[in-house]
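Residue indices begin at 1 and follow the sequence shown. Remember, predicted model here, so these are calculated numbers, not experimental data.
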Amino acid sequence: MSIGRLLLAFGLGAVLLTGCRDSGGDPISRQQLLAATGPTFDHAAWGKLLADHVDSLGGVDYAGMKADQPALDGYLGSLAEVDVPKLGRAEQLAFWIDAYNAFTVASILEKYPDIKSVNDVSDVFKRKTHRVAGQLMSLNNIEGMARAAADPRVHFAVNCASISCPKLLNRPYVGEKLNDQLDASARAYVQSAEGVRVKDDGSLAVSSIFKWYSSDFQHAGEGANALQRAFGFIGGLRSPVSFVRPYMTEAAGARFDDNADVSAQDYNWSLNTTEAMAAGRQGR
């Protein structure tokens with residue numbers, strides 16, 4: 001089945017891998033995520049690897065993962081021929097998130113310990129070398145399948161093996177808990193220094209994720225002018241200001257208003273090792 005047919009089966013009509021959709025699109029609603037009914041996929045093998053080798057800060061023990069390479073390869077093999085459209089709607093989205101995260105770890109292990117960044121792996125996001133759901137896909141393709149759900153919280157669940165990424169959870173995403181997991185991941189990232197910083201002048205320094213994937217945060221709402229000033233986007237885009245406010249602490253939210261200026265932070269692509277993530281936490 002081609003990627004296009006997978007998208008159709010996912011119920012998204014003309015959804016593109018850029019994350020945009022036309023009026024015929026059918027994103028997963030919050031109600032569908034809450035219901036989370038339908039067949040499931042067993043991510044227990046991936047869950048054990050995460051529990052054994054990822055800490056609470058999202059630091060990854062890549063040496064430990066490499067020692068468990070046969071178990072990881074076995075899990076990745078189980079993704080190869082899954083008939084994803086037969087899964088429940090929420091389970092489909094969880095499947096793509098877990099697949100992305102697992103294949104990213106596998107990509108790091110190809111070169112570890114001789115790399116310092118995911119970008120040290122040649123064409124790591126573009127090469128179509130990962131067999132998922134009956135076809136060879138790239139990490140960008142897999143991420144596109146997750147983005148097709150038209151839920152911007154996906155960006156706080158997929159992990160690109162870097163310090164500035166939303167942290168890798170030490171448990172898998174699963175359909176029955178997905179709505180709560182996505183909310184928790186969005187809240188954790190927005191409240192982190194890598195996600196959003198409120199400056200002394202009341203302006204916001206936000207993750208470059210909000211810039212790179214601006215179309216995924218589309219919404220005709222308050223704050224579009226701030227986004228236009230920051231990144232030069234044309235009207236109708238939802239500003240990071242309006243998106244992040246519900247996920248901020250009350251104290252942080254009181255330090256900026258809805259017309260706050262927004263700028264993008266530099267992105268730290270250094271590998272999200274246990275040591276690096278712990279050092280970053282201590283330095284805050």
Can we say D114 and K111 salt-bridge, meaning some charged N sits less than 4.0 Å from an Asp/Glu carboxylate O?
-> no

R153 and D151 ion-paired at < 4.0 Å | yes

Pairwise side-chain contact, F103 with M137, heavy-atom cut-off 4.5 Å (strictly under) | no

Taking atom CG of D266 as the centre, does the number of heavy atoms from other residues, nucleotides or ligands within less than 6.0 Å exceed 12?
-> no

Is the closest side-chain heavy-atom distance between R255 and D200 below 4.5 Å?
-> yes

Side chain to side chain, D123 and S138, heavy atoms closer than 4.5 Å = no

Could you verify whether a donor N or O on one side chain and an acceptor N or O on the other, from Y247 and D183, lie under 3.5 Å apart?
-> yes

Face-on cation placement of R245 at F256 ring, 6.0 Å and 45° thresholds | yes

Taking the side chain as every heavy atom from C-beta outward, state whether S107 and F125 have any atom pair closer than 4.5 Å.
-> no

Do S207 and Y189 meet the criterion of a side-chain donor-acceptor pair at a distance under 3.5 Å?
-> yes

Starting from the C-alpha separation in whole Å, work towards a yes-or-no answer on side-chain contact (heavy atoms from CB on, under 4.5 Å) for L57 and K167.
-> CA-CA 7 Å; L57 298 179; K167 73 177 185 179; 5.8 Å; no

Run the numbers on Y62 and N272 for side chain to side chain donor-acceptor pair (under 3.5 Å), then give the verdict.
-> CA-CA 9 Å; Y62 285 105; N272 60 337; 2.5 Å; yes

More than 12 heavy atoms from other groups under 6.0 Å of NZ on K48 | no

